[in-house]
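What follows is a set of notes on a single structure, which appears directly below.
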Amino acid sequence: MPLIDPFARPIDYLRVSVTDRCDFRCVYCMAENMSFLPKAELLTLEELDRMCSTFIGMGVKKLRITGGEPLVRKGIMTFFEGMTRHLHSGALNELTLTTNGSQLRKFAEDLVACGVKRVNVSLDTLDADKFAQITRWGRLAQVLDGIEAAKQAGLHIKINVVALKGFNEDELFSITDWCAAQGHDLTFIEVMPMGDLGNEDRIDQYWPLSDLRARLRERFTVTELDERSGGPARYVRLEETGQKLGFITPLTHNFCESCNRVRLTCTGELYMCLGQEDMADLRAPLRASPDNTALETAIRAAIARKPKGHDFDYSRQKVDGQMTRHMSHTGG
Ligand code: SAM
Ligand code: SF4
């Protein structure tokens with residue numbers, strides 16, 4: 001029986017964080033001196049395979065691998081190779097990942113060989129100095145080279161840009177033009193009140209996408225598209241270039257009713273909603289027995305607790321429902 005939550009939403013999309021580690025330290029995501037989890041806490045590659053395979057057996061059709069930076073997890077290609085069998089059997093429709101792009105030169109061809117067709121690459125600026133500032137440890141040239149390698153390998157690329165007031169406002173058109181020229185899809189994301197530090201900075205950095213969209217309309221004819229992904233993205237087409245642009249406004253509630261996804265952390269915690277603290281530990285039932293019965297029962301019990309919606313609210317310069325965990329933990 002497929003996974004259906006209490007609000008009759010079929011849950012067929014699993015996002016899996018395979019590591020909390022990263023080779024960058026983006027200011028809105030991590031502290032510079034992050035402490036990472038001890039290895040024993042992490043699901044092994046074999047456990048990740050078993051966990052994902054169980055979800056796929058229960059009706060999950062789309063798997064997105066994220067982190068932390070998924071491509072810095074040692075041996076991660078073994079995991080991707082393992083998931084290929086579910087693509088071949090037809091049980092899984094899509095295997096994809098979200099990456100900062102730093103390791104794409106190394107892995108793009110292997111990913112294609114594993115059946116990956118599309119990647120989301122996070123890139124907030126095309127200016128090398130600003131890139132170094134926002135990622136603290138990243139180098140723009142390496143990421144652009146990774147994106148080029150991915151394109152050459154035949155991967156379809158979507159660029160994810162976190163909209164940051166006073167940081168990349170002035171790059172709205174240059175990033176849009178660059179994506180059009182390169183043939184990349186483009187999605188803008190509103191910054192979310194995640195993590196435990198710099199929260200006030202984040203309110204200062206909050207650049208509402210409504211403003212960004214108004215600015216786009218000054219230069220382009222913008223047509224709203226009906227397309228829905230089950231997630232928080234809304235799409236428009238720029239008539240002059242034919243480009244499709246996405247907007248992710250996680251702080252508005254307009255997508256919860258069609259939410260089809262759950263998130264698994266690298267320690268085996270299942271979060272039923274990005275904006276709620278409630279989670280289910282799936283590592284214990286997984287490790288308790290080589291048989292999957294207890295795990296399946298725990299998954300069904302968790303889905304039965306999936307909430308209707310989340311509680312973020314930026315109104316009146318105060319953050320209600322702020323999450324104390326980092327995106328790198330829940331896996332953006
Ligand atoms: N390391 C990979 C990457 O950067 O694409 C995957 C993990 S990262 C946590 C996933 C996405 O979350 C990235 O697009 C990143 O920009 C976004 N993200 C992280 N912290 C965020 C925040 N506070 N608000 C909005 N998006 C955030
Ligand atoms: Fe790393 Fe991605 Fe977080 Fe940046 S957003 S620190 S690349 S996990």
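Positions are given from 1 along the sequence. Since the model is a prediction, treat every value here as computed from it, not as a measurement. Every number for a ligand or one of its atoms is a count from 1 in the order of the listing.
Each of the atoms 1 (N), 2 (C), 6 (C), 7 (C) of ligand 1 lies under 4.0 Å from some heavy atom of Gly68. Annotation for ligand 1: atoms under 4.0 Å from non-hydrogen atoms of Glu190 are 25 (C). Close contacts of ligand 1 with Thr99, meaning ligand atoms under 4.0 Å from a residue heavy atom, involve 2 (C), 3 (C), 5 (O). For ligand 1, the atoms lying closer than 4.0 Å to a non-hydrogen atom of Gly67 are 7 (C), 9 (C). Close approach of ligand 1 to Thr66 is summarised as follows: ligand atoms under 4.0 Å from at least one heavy atom of the residue are 6 (C), 7 (C).
Remark: ligand 1 and Asn120 share no N or O pair separated by less than 3.5 Å (distance only, no angle test). Ligand 1 has a nitrogen or oxygen under 3.5 angstrom from a nitrogen or oxygen of Tyr28.
Among Ser102, Gly68, Ser17, Pro70, the residue whose heavy atom sits closest to atom 8 (S) of ligand 2 is Gly68. Of the listed options Arg64, Met192, Gln205, Met192 places a heavy atom closest to atom 25 (C) of ligand 1. Relative to atom 16 (O) of ligand 1, the option among Val162, Val161, Leu71, Leu123 with the closest non-hydrogen atom is Val162. Across Val18, Asn160, Thr98, heavy-atom proximity to atom 10 (C) of ligand 1 is greatest for Thr98.
Remark: Leu186 CG to Ile157 CD1 distance equals 12.5 Å, nearest 0.5 Å.
Cation-pi check for Arg73 over Phe79 is not met; the charged atom does not lie both under 6.0 angstrom from the ring centroid and within 45 degrees of its normal.
Each of Thr135, Asp23, Leu71 was scored for a side-chain contact (heavy atoms from CB on, under 4.5 Å) with Asn100, with one residue passing: Asp23.
The minimum heavy-atom distance linking Ala302 with Leu270 is given by the pair CB-CD2, 3.9 Å.
Between the side chains of Glu69 and Thr99, at least one donor N or O sits under 3.5 Å from an acceptor N or O.
A salt bridge is defined here as a Lys NZ or Arg NE, NH1 or NH2 lying under 4.0 Å from an Asp or Glu carboxylate O, and Arg237 with Glu227 fails to meet this definition.
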Result block: side-chain N/O donor-acceptor pairs under 3.5 angstrom for residues 33-44, not counting sequence neighbours:
residue, atom, partner, partner atom, Å
Thr44, OG1, Glu46, N, 3.4
Thr44, OG1, Glu46, OE1, 3.4
Thr44, OG1, Glu47, N, 3.0

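Taking backbone and side-chain atoms together, Cys29 has an N/O/S atom less than 2.8 Å away from atom 3 (Fe) of ligand 2.
Hydrophobic cluster membership for Val72: none, as no Ile, Leu, Val, Met, Phe, Trp or Tyr side chain comes under 4.5 Å of it.
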